[in-house]
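See below for the structure under consideration.
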Amino acid sequence: MDNVEEEKKSLNFIEQIVEEDLKEGYSSDSLKFRFPPEPNGYLHIGHAKAICLNFGLGERYNSPVNLRFDDTNPSKEEQEYVDAIKYDVNWLGYQWDAECYSSDYFQQLYDWAVLLIQNGKAYVDSQSSEDMATQKGTPTKPGVNGPFRDRSVEENLDLFNRMKQGEFKEGEHILRAKIDMTHTNMLMRDPIMYRVMHKPHHRTGSDWCIYPMYDWTHGESDYVEQISHSLCSLEFKPHRELYDWFLDQVHDEKLRPKQREFSRLNLNYTVMSKRKLMQLVEENLVNGWDDPRMPTISGLRRRGYTPKSIRNFIDTVGVSKREQMIDVALLESCIRTDLNKTTNRIMAVLDPLKLVITNYPEGETEVVMADNNPEDENAGQREMIFSQEIYIERGDFLEECPKKVFKLGVGKEVRLKHGYIINGVEAVKDADGNVVEVKCTYDPKSKSGSGSEESKRKVKGTLHWVSASHNVTAQVNAYDRLFTVENPDGDKEKDFKEFINKESLSILKGCKIELALKDAKPHERYQFQRLGYFCVDNDSTSDHLIFNRTATLKDFWAKKK
RNA sequence: UGCCCGAUGGUGUAACUGGCAACACGUCUGUUUUUGGUACAGAAGAGUCUAGGUUCGAGCCCUAGUCGGGCAACCA
């Protein structure tokens, strides 16, 4: 049955490539993938695409997937990021086969570089970066050979060795591959393989003062690990030629990895580059990498997103070679679908307005039963306390309420969910004319679940509520999109930060929550009836409850207005 | 004056590799509902960037354009 459905779903182009390879002789146990983040920042939803693609392939073909940290630039990389990345990948529900580091291969890479020098395929250049840039030409103009291009093997070997020994300052010498300065692909114009860097590395400490560049490192690392399919994003397409050239230099009879490229994921109303996300964090425009407004995995987690919803989202957007600009509405749809089935419903009043039921016996309370989740028969029921004074949502009262609007008004009735049907009598106002309290009457025979005729009446609106003396006060963080425009970095004139939505966070204090949540723990998720899905924040304590709004419910009425 | 990708409803992805353009999200309309949620039923919305060509037949193949993106860091 599962197979039938599997069969029906068409393969994405990467899966088709793998299938093709399998048909043409790859054994199924030769399949191996990898996810290769650079530990210089936190993972975001775009990385989730790469993670789900690679680990998804691993699951599909029962193949190992390595987690490889591409740590060849000690000036940007930190252990903190390594730890955060591992946490995120696990959280998404994936287990890597081996935890690898490009830095594990520094010695092997060095030995191969020596081999290239010996074969006349690499040389030490000793010019300034400006001179080298000039010689490199432009996309439309071929480059020219530099003066050190024909150094002898012996001299190159000696210089390269002394680079490694730390005899030179940064920028004095670099090692370049000797390919073709007139190549139409700029990347093939004698690309740099090593630079001198007197910086401690988060793993190798001060063992090295030369560090390999990405192009030289990546393919050879794939080769060492025997990765069959090395998947990366589209901008690396031109690098493939170089990837293959470098592999040619060291390849023997072992499996030869192949690089293939797919498009990045972009979401509207946010930015997705690590550099820009870093800026938001460093300039305190958000509260850290895990700010619930951030498109980072950690941000989404704190916001209340589930791994399942993210995986489902990634599955839905697909894999192709055209730049995707996905509507956040799709992401939201994914989390709603998940949470609708799994979260218990709770009454929470975010903007409380006191309501007094004048014909309800003063000082009396009673217990009413409430379903935890109408979508889940096994979710059971809980008790709520009903009393004469309760809170309703300020926005649910309109003194003069039109028939078509399902709210409480003076002379207009409404049902209190799991409670009684009430009828508005009077709006009590302060000196400025603000409504501070609403008086109403209730129909004692209309109690929900009582089975009475009165309880079965059709009433236009149903309100959520919480007893005025039986509740817990909480803070609710209501999040909105971080940017006011669909593509904040799409404007050439304006900086993306000019489009930041100043109302992206509304902190609501004094929210009244049903007593059942008084001991709610961080990460717990609930549906606040009629409002949306909420998640207990990391910093929440029983003394100071904090909820983050994950997503609102779909609101037909809000759109209507 | 170059090289490399890409182009299918508003968005994204399909189309059994040449046979009536489908699915999801979004939008709209009903039904049900003690959440203006969910569920259910239905509708609108593209004739596949353009022009040629091959073919009985082209979104798929070929040619030439157009448009969009990428390529000149001692970044990855």
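In what follows, every chain begins at residue 1, and chains take the letters A, B, ... in the order their sequences are listed.
- For residues 450-459 of chain A, the set of pairs meeting the salt bridge (Lys or Arg N to Asp or Glu O under 4.0 Å) definition, not counting sequence neighbours, comprises A/Glu413-A/Arg457.
- Within the structure, every pair that satisfies the salt bridge (Lys or Arg N to Asp or Glu O under 4.0 Å) test and touches residues 182-203 of chain A, not counting sequence neighbours, is listed here: A/Asp104-A/Arg203, A/Arg149-A/Asp190, A/Glu170-A/Lys199.
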Under the rule of Watson-Crick or G-U wobble with both distances under 3.5 Å, where | means paired to another strand and [ ] a crossing pair, RNA chain B maps to .((((((..((((.....[..)))).(((((.......))))).....(((((..]....))))))))))).....

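- Comparing the P positions of B/A58 and B/C20 gives an interatomic distance of 12 Å, to the nearest angstrom.
- Taking CG from A/Asn40 and CD1 from A/Ile85, the interatomic distance works out to 7.5 Å, rounded to the nearest 0.5 Å.
- Look at the P atom in both B/G6 and B/A15: the space between them is 15 Å, to the nearest Å.
- For the residue pair A/Glu514 and A/Tyr526, no side-chain donor N or O sits within less than 3.5 Å of a side-chain acceptor on the partner.
- Classification of B/G9 as anti follows from a glycosidic angle more than 90° from 0.
- Comparing B/C3, B/C5, B/C25 by their nearest atom to the side chain of A/Thr184 picks out B/C3.
- Interface remark: the A/Arg336 side chain does not form any donor-acceptor pair with the B/U38 base, using a distance-only criterion of under 3.5 Å.
- In this structure, CE on A/Met197 lies 15.0 Å from CH2 on A/Trp208, to the nearest 0.5 angstrom.
- Comparing B/U29, B/U35, B/C25 by their nearest atom to the side chain of A/Phe556 picks out B/U29.
- No side-chain N or O of A/Lys412 forms a donor-acceptor pair with one of A/Asn423 less than 3.5 Å apart.
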Once each nucleotide of nucleotides 39-44 of chain B is scored for protein heavy atoms under 4.0 Å, what B/S/- sequence comes out, 5' to 3'? ------

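- For A/Glu241 and B/G2, the CD to P distance is 18 Å, given to the nearest whole Å.
- The same atom, C1', is picked in B/A72 and in B/U66; the two are 26 Å apart, to the nearest Å.
- Contact annotation for A/Lys458: backbone-only contact, meaning every heavy-atom pair under 4.0 Å involves sugar-phosphate atoms and none involves a base.
- For A/Asn185 and A/Glu241, the side-chain atoms include at least one donor-acceptor pair closer than 3.5 Å.
- Glycosidic conformation of B/U38 is anti; the angle lies outside 90° of 0.
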Write down the protein N/O and nucleotide N/O pairs, taken from nucleotides 72-76 of chain B, whose separation is under 3.5 Å; answer none if there are no such pairs.
residue	atom	partner	partner atom	Å
B/C74	N4	A/Gly171	O	2.8
B/C75	OP2	A/Arg195	NE	3.1
B/C75	OP2	A/Arg195	NH2	2.8
B/C75	O3'	A/Arg195	NH2	3.3
B/C75	O2'	A/Asn73	ND2	3.1
B/C75	O2'	A/Lys76	NZ	3.2
B/A76	OP1	A/Thr72	OG1	2.6
B/A76	OP1	A/Arg195	NH1	3.4
B/A76	OP1	A/Arg195	NH2	3.0
B/A76	OP2	A/Tyr214	N	3.0
B/A76	O4'	A/Glu38	OE1	3.4
B/A76	O3'	A/Asp70	OD2	3.2
B/A76	N6	A/His239	NE2	3.2

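- At a cut-off of 3.5 Å, with distance as the only test, a side-chain donor of A/Arg151 or A/Ser126 sits close to an acceptor on the other residue.
- Aromatic ring centroids of A/Phe13 and A/Phe262 lie 6.0 Å or more apart.
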A/Lys49 and A/Gln324: side-chain hydrogen bond (donor to acceptor under 3.5 Å, both in side chains), yes or no, with the steps? CA-CA 12 Å; A/Lys49 181 175 175 179; A/Gln324 321 179 295; 2.8 Å; yes

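- In this structure, A/Leu242 places its CG atom 16 Å from P of B/C71, rounding to the nearest Å.
- For A/Arg34 and A/Glu225, the salt-bridge test fails: no basic side-chain N is under 4.0 Å from an acidic carboxylate O.
- Across the P atoms, B/G18 and B/G9 are found 22 Å apart, a figure rounded to whole Å.
- When the P atom of B/G37 is taken as reference, atom CG of A/Asn373 falls 16 Å away, rounded to whole Å.
- A straight line from CD of A/Glu514 to P of B/U35 spans 16 Å, rounded to a whole angstrom.
- Between B/C4 and A/Arg240, no contact under 4.0 Å exists linking OP1 or OP2 to a side-chain N or O.
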At under 4.0 Å between heavy atoms, which parts of nucleotides 11-16 of chain B does protein reach? Answer with one letter per nucleotide, 5' to 3': B base, S sugar-phosphate only, - none. SSSSS-

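- A/Phe528 has its ring centre no less than 6.0 Å from the ring centre of A/His464.
- Nucleotide B/G26 holds its P atom 15 Å from the CD atom of A/Glu486, rounded to whole Å.
- There is no side-chain donor-acceptor pair under 3.5 Å between A/His173 and A/Asp125.
- Rounded to whole Å, the distance from NZ on A/Lys554 to C1' on B/C28 is 12 Å.
- B/U17 and B/G12 have their P atoms separated by 27 Å, given to the nearest Å.
- A cation-pi arrangement, defined by a distance under 6.0 Å to the six-membered ring centre and an angle within 45 degrees of its axis, is present between A/Lys164 and A/Tyr110.
- No side-chain donor-acceptor contact under 3.5 Å links A/Asp70 and A/Tyr101.
- Atom NZ in A/Lys460 sits about 13 Å away from atom P in B/U33, given to the nearest Å.
- In this structure, the nucleotide among B/C28, B/U35, B/C4 sitting nearest to the side chain of A/Lys237 is B/C4.
- Residue contacts shown for A/Gly143 are absent, as no nucleic acid heavy atom lies under 4.0 Å away.
- Annotation: B/G45 and B/G52 have their P atoms spaced 27 Å apart (nearest Å).
- Residue A/Lys404 is classed as a base contact, given a heavy-atom separation below 4.0 Å to a base.
- When heavy atoms are screened at a 4.0 angstrom cut-off, A/Glu332 is found touching no nucleic acid atom at all.
- The gap from the C1' atom of B/C49 to that of B/C40 amounts to 39 Å, rounded to the nearest Å.
- Rounded to whole Å, the separation between the C1' atoms of B/A14 and B/C60 comes to 13 Å.
- Counting only N and O atoms by type, the side chains of A/Gln527 and A/Tyr533 include a donor and acceptor under 3.5 Å apart.
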